[in-house]
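All chains are named by letter (A, B, ...) in the order of the sequence lines, taking the proteins before the strands, and each is independently numbered beginning at 1.
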Number of protein chains: 2
Amino acid sequence: MSEFDLIRRFFTRATPGAVLGVGDDAALLQVSPGNVLAVSTDMLVCGTHFFPDADPFLLGHKTLAVNLSDLAAMGAVPRWATLAIAIPSEEEAWLERFSAGFFALAQQHGVDLVGGDTTRGPLNLCVTIFGEVPAQQALRRDGAKAGDDIWVSGELGDAALALAHLLGRIKLGEAELAACAARLHQPHPRVALGLALRGIASSAIDVSDGLLADLGHILERSNVGAEIEFDALPVSPWLRGRFQQKLALCGGDDYELCFTAPAARRAEVKRIAAQLGLPLTRIGEIVAGRGCIVHDTHGHPIDIEVEGYDHFR
Amino acid sequence: MSEFDLIRRFFTRATPGAVLGVGDDAALLQVSPGNVLAVSTDMLVCGTHFFPDADPFLLGHKTLAVNLSDLAAMGAVPRWATLAIAIPSEEEAWLERFSAGFFALAQQHGVDLVGGDTTRGPLNLCVTIFGEVPAQQALRRDGAKAGDDIWVSGELGDAALALAHLLGRIKLGEAELAACAARLHQPHPRVALGLALRGIASSAIDVSDGLLADLGHILERSNVGAEIEFDALPVSPWLRGRFQQKLALCGGDDYELCFTAPAARRAEVKRIAAQLGLPLTRIGEIVAGRGCIVHDTHGHPIDIEVEGYDHFR
């Protein structure tokens, strides 16, 4: 199978949303009037982001999901993606399953795969994703204000719990592992939430490196601090009460949204939660100053020695 | 040095052409009125596309250059790029030189680096590049017509000659090697040529996998054939007359443009060559039918058993 056969067979689908899709020197895309283009790139490396024996269908899903999550955090409508892939050899069964997982999620979100690159090398998956958003409505990291509520969607920490099990650091029961592994391997990007938060959230980020690390980016860009109530953190029954409950603060791979909104918008946020059937939990407050304090229900600071995931630490 | 320090230090420059650049979940880009976005992705893998001891400055140049070449072949104005990079460890001197080479070329072409990803893994460099072009003026691969001239810019084959030397297959003299190695390591994307050809060329592609392979894509997409005159191929003094002269047909990494234009536009093409100080050579003609015939000056077909570079053959 040649490189071009491979592209044709596994990575070429109709691209109804593009002026010109796969097969030329560049794809041509028409951005809708009144919108700017939101662009993000995530690279997944075998051995760093996933295990060599990862299920290729789930890996195809996750490769796109982590990119969609960035658009969700921006309040952008996903439209197009490119996929560059380095593989050690052309294993057809693997490619078949990988592309099936990728396209299944792409179809759910109306994303056209418009281009990419296919080459030989250590397994590496690099997606660039393109969405649309009116410039003034984009959910940026720099808009948080003292007094704003801090919210988080869904539940935190389960993906990290599954990873801890897979790395042999803890031992989960079968049912626990199944539930947590689904969070790790098949995250659901909160695209609908991002869109609903346009005009309501003052800032947003997706939780990929751990809540404290990611919230930290909002605080830094917005020049504010935060107070978090540890017991308010939304955690699953699997995580609650465990010694590892701090994974809700420092675990990565959650792909939930963390966002801030003025206290006056609290009812609207709760209405969005009900409409989407997605829990949205108020976990604390933006304050003047710098840094993030985590406290218990009695207001006593908890010493949290955790750091977000950093590839170079 | 943390991942974020690394991004700040080596990969964050001003992005005057972006609504929002590095540092949020996504960059925000405003496409100029009347234009569509041209998007292309190229991934360079250590050991596949470059030697592990490649000069990082030149590698930074080439990583961007091969992507700019795709925009050139589309007749698009380069505007923005994202860079995803996997590196085995944070070698500051290497990153310093790599980013210097990347940004030097980016600045020449007015390209803003608006985002990316930095992670640990086997050395892999993935750029997605964004340009602008009015949809109707894009130089596509599917517009060649029987009777059109076939043109190529610059000279072909030198990069492949340098590679043959580096792989120990041939032995070049010192001066020859220096000249050819520059073509291999520091290609000059023909962006100005692509822009000048808007409204004149009927199709275009950049020569990255070898002339015959790349012209083959035009023929396939345009449903036409071609006749090429071997002795008309523009080759350097280094390559002319050598046994390896067929590298002009099958060697990769030239990053020249191959394009077609109606015979009636011949004078305009020559004027562009003069204006740009870049040789443009008519190497043959588009014909009805399929396939590409290469013939000598007497019109006798030359049997060319060559294939373009294919990562999976």
Extract all donor-acceptor atom pairs below 3.5 Å that involve side chains of residues 126-137 of chain B and protein atoms in other chains or at least two apart in sequence.
residue	atom	partner	partner atom	Å
T128(B)	OG1	T128(A)	OG1	2.7
T128(B)	OG1	T41(B)	OG1	3.0
E132(B)	OE1	S32(B)	OG	2.9
E132(B)	OE1	R79(B)	NH1	3.0
E132(B)	OE2	S32(B)	N	2.7
E132(B)	OE2	S32(B)	OG	3.1
E132(B)	OE2	R79(B)	NH1	3.2

What part of L20(B) gets closer than 4.5 Å to chain A, counting heavy atoms only: side chain, backbone, both or neither?
-> side chain
Carboxylate-amine/guanidinium contact K62(A) D253(A), below 4.0 Å = yes
Would you mind reporting whether W151(A) and L193(A) have side-chain heavy atoms less than 4.5 Å apart?
-> no
Side chain, backbone, both or neither: which part of R221(B) has a heavy atom under 4.5 Å from chain A?
-> side chain
Side chain, backbone, both or neither: which part of L44(A) has a non-hydrogen atom closer than 4.5 Å to chain B?
-> neither
Using a cut-off of under 4.5 Å for heavy-atom pairs, which of D24(A), D70(A), L29(A), V36(A) has the most such pairs with chain B?
-> D24(A)
Side-chain donor/acceptor of S2(A) to backbone N/O of F4(A), under 3.5 Å = yes
Looking at L123(A), T82(A), N35(A), which has the largest count of heavy-atom pairs under 4.5 Å with chain B?
-> T82(A)
Under 4.5 Å, counting heavy-atom pairs only, tell me which of A73(A), C46(A), G47(A) racks up the most with chain B.
-> A73(A)
Is chain B contacted by the side chain of R141(A), its backbone, both, or neither, given a heavy-atom distance below 4.5 Å?
-> both
Any side-chain heavy-atom pair from Y255(A) and S208(A) closer than 4.5 angstrom?
-> yes
Answer with side chain, backbone, both or neither: which region of A72(B) has an atom nearer than 4.5 Å to a non-hydrogen atom of chain A?
-> neither
Among S69(B), G115(B), S40(B), G23(B), residue most engaged with chain A (heavy-atom pairs, under 4.5 Å) = G23(B)
Chain B contacts, top residue of A27(A), G116(A), G121(A), P33(A) (heavy-atom pairs, under 4.5 Å) | A27(A)
Engaged part of A138(B) at the chain A interface, taking heavy atoms whose separation is under 4.5 Å | side chain
Proximal component of V45(A), with respect to chain B [non-hydrogen, under 4.5 Å] = side chain
Check whether any side-chain heavy atom of F50(B) sits under 4.5 Å from a side-chain heavy atom of L125(B), and report yes or no.
-> yes
Please state whether the side chain, the backbone, both or neither of V31(B) comes within less than 4.5 Å of a heavy atom of chain A.
-> side chain
Below 4.5 Å, heavy atoms only, C-beta onward: do L197(B) and F259(B) meet side chain to side chain?
-> yes
May I ask you to say whether R9(A) pairs ionically with E3(A), meaning some side-chain N is under 4.0 Å from a carboxylate O?
-> no
Side chain to side chain contact (heavy atoms under 4.5 Å, CB included) partners of R13(B), counting only residues at least two apart | F103(B)
So which part of N67(A) gets closer than 4.5 Å to some heavy atom of chain B, the side chain, the backbone, both or neither?
-> neither
